[in-house]
Number of protein chains: 2
Amino acid sequence: MSDETLMNAFAALAQPTRLAVFRLLIREGPDGLPAGEIARRLNVPQNTLSAHLAVLARGRLVRSRRKGRHVIYAADLDGVRRLILFLTRDCCHGRPEKCEALVDSLLPACGKAGKKPEQE
Amino acid sequence: MSDETLMNAFAALAQPTRLAVFRLLIREGPDGLPAGEIARRLNVPQNTLSAHLAVLARGRLVRSRRKGRHVIYAADLDGVRRLILFLTRDCCHGRPEKCEALVDSLLPACGKAGKKPEQE
DNA sequence: TTATTGCTTCAATATTTCTAGAAATGACGA
DNA sequence: TCGTCATTTCTAGAAATATTGAAGCAATAA
C-alpha cells in the first residue's frame, strides 16, 4: 500500500463530519446507506456530504454502489484492515515482543478470545 | 478517548514529514531519538520539525523526555494501541464476526501466532 | 417527453495548513 | 558566562480543505 493511500485514509478520518460518517457506516455494516439517508441522519447538506464521501472513498474507507436512483455507501472493511495492518506491522518492525502485548490487549476488545493457538 | 484526540492523531499521520517521523521513532523503539538527530536524519529544519513533533505529541503518538540538554522523542505505543482499539472496537460494533476475521488476519503480521486461546 | 428525485460536479469563497527563515527564549553543561 | 540544543514566535507565500449555491446527470414515474 502506498503512503499516498495511507495518508488519504488518515486525512479522511481527521475531520469531524467524515469521522461521523465513517462510524455510522461501520455500524450499519455491509448493507450500507444511501447518501441522502446519511445526509439526513447527520444533518449535513447533500453536496457537502458528497464531497466528504469522495474523500473517504479516496482513502479506501468506504465503497459505493448504485441501486436504482440511490447510491449506497458502505464501509470498506478491507480498507480498515489495511490501516490496522500498517500500524501493527510498523509497530512490530524489529520489536515483535512489543507487538505481542499490543495484540493481546486488542483481542478482548472484540468480545471474543483469540483463535489460532498454533499457526505460523 | 475524545474525538478531539482521535482526530489529532489521524491528522498528525496525514502528512509526509510526520509520517516519516512516526515510522522512524517506531523503529527506534522506546529509547527514541533526540529532536536534533531526527531533524538531521530526515533533513528537516529544526523549527519545522519541532512544530511537527508538537503535532504528533498532541495526537499522543510520541512522548518527549529531557536528557541533559537533549529532548528525547519516542513513539507512544499506548497511543498507537488506542488508535487500533478505536478502529477495531468500532468495527466490532454489532458485528463481532467481522472483527474476528479481521483480527485473525492481523495476527500473522506480527510474525507470531495468537495467544490466549480461552479468555473472556 | 416531461417532471421529479437522488446524487454529483462545478465554481467561488473563506479558512486552514505547510514550509521555512530569522530572531528571541529557555535549559543545560563546561 | 559562553556554547549547544531545542522551542517559541513572528513573518509570508503556496497549497490544501471546507462549504455553499447552482448546474448537470442518472433513474424512475406519469
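Owing to the predicted nature of the structure, the values given are computational and were not obtained by experimental measurement.
- For the pair A:T5/A:R82, a side-chain contact is recorded, criterion being any heavy-atom separation below 4.5 Å from C-beta on.
- When rounded to the nearest whole Å, the span between CZ of B:R65 and P of D:dC5 equals 18 Å.
- Rounding to whole angstrom units, CZ of residue A:R18 and C1' of D:dA18 are separated by 9 Å.
- Following rounding to the nearest Å, A:N47 (CG) and D:dA22 (P) show an atom-to-atom distance of 11 Å.
- Annotation: side chain of B:R65 is not in contact with side chain of B:V71 (no heavy-atom distance under 4.5 Å).
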Is there a side chain to side chain contact (heavy atoms under 4.5 Å, CB included) between A:R41 and A:E28 once you walk through the steps?
CA-CA 12 Å; A:R41 293 210 198 174; A:E28 282 302 314; 3.3 Å; yes
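- Using a distance-only test at 3.5 Å, with no hydrogens or angles considered, no donor-acceptor pair links the side chain of B:R58 to the main chain of B:A12.
- Between A:L25 atom CG and A:D76 atom CG the span is 11.0 Å, to the nearest 0.5 Å.
- Mapping A:H52 and B:Q46 onto DNA chain D by nearest heavy atom places B:Q46 at the nucleotide closer to the 5' end.
- Remark: the backbone N or O of B:G79 is not paired with any side-chain donor or acceptor of B:R60 at under 3.5 angstrom.
- Looking only at side-chain heavy atoms (C-beta outward), B:L13 and B:F22 come within less than 4.5 Å of each other.
- To the nearest 0.5 Å, the span separating NE2 on B:H52 from CG on B:N47 amounts to 10.0 Å.
- Nearer the 5' end of DNA chain D, as judged by each residue's closest nucleotide, is the contact made by B:I72, out of B:I72 and A:R58.
- The residue among B:P16 and A:T48 whose nearest nucleotide of DNA chain C is located toward the 5' end is A:T48.
- The shortest distance between the side-chain N/O atoms of B:Y73 and the OP1/OP2 oxygens of D:dC5 is not below 4.0 Å.
- Put simply, the side chain of A:V44 does not reach to within 4.5 Å of the side chain of A:V21, judged on heavy atoms.
- Summarising the geometry, the separation between CD on B:E37 and P on D:dT4 is reported as 17 Å, rounded to the nearest angstrom.
- The span of DNA chain C lying next to chain B, judged by atoms under 4.0 Å from heavy atoms, is bounded 5' to 3' by C:dC18 to C:dG29.
- If you measure from atom NE2 of B:H70 to atom P of D:dT7, you get 12 Å, rounded to the nearest angstrom.
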Heavy atoms under 4.0 Å is the rule here; annotate nucleotides 23-30 of chain D 5' to 3' with B where the base is hit, S where only the sugar-phosphate is, and - elsewhere.
----SSS-
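- Candidate nucleotides D:dA6, D:dT19, D:dA22 were compared by shortest atom distance to the side chain of A:A51, and D:dT19 ranks first.
- At whole-Å resolution of the value, CD in B:Q15 and C1' in D:dT17 are 15 Å apart.
- Rounded to whole angstrom, the span from the CG atom of A:L19 across to the C1' atom of D:dA18 amounts to 16 Å.
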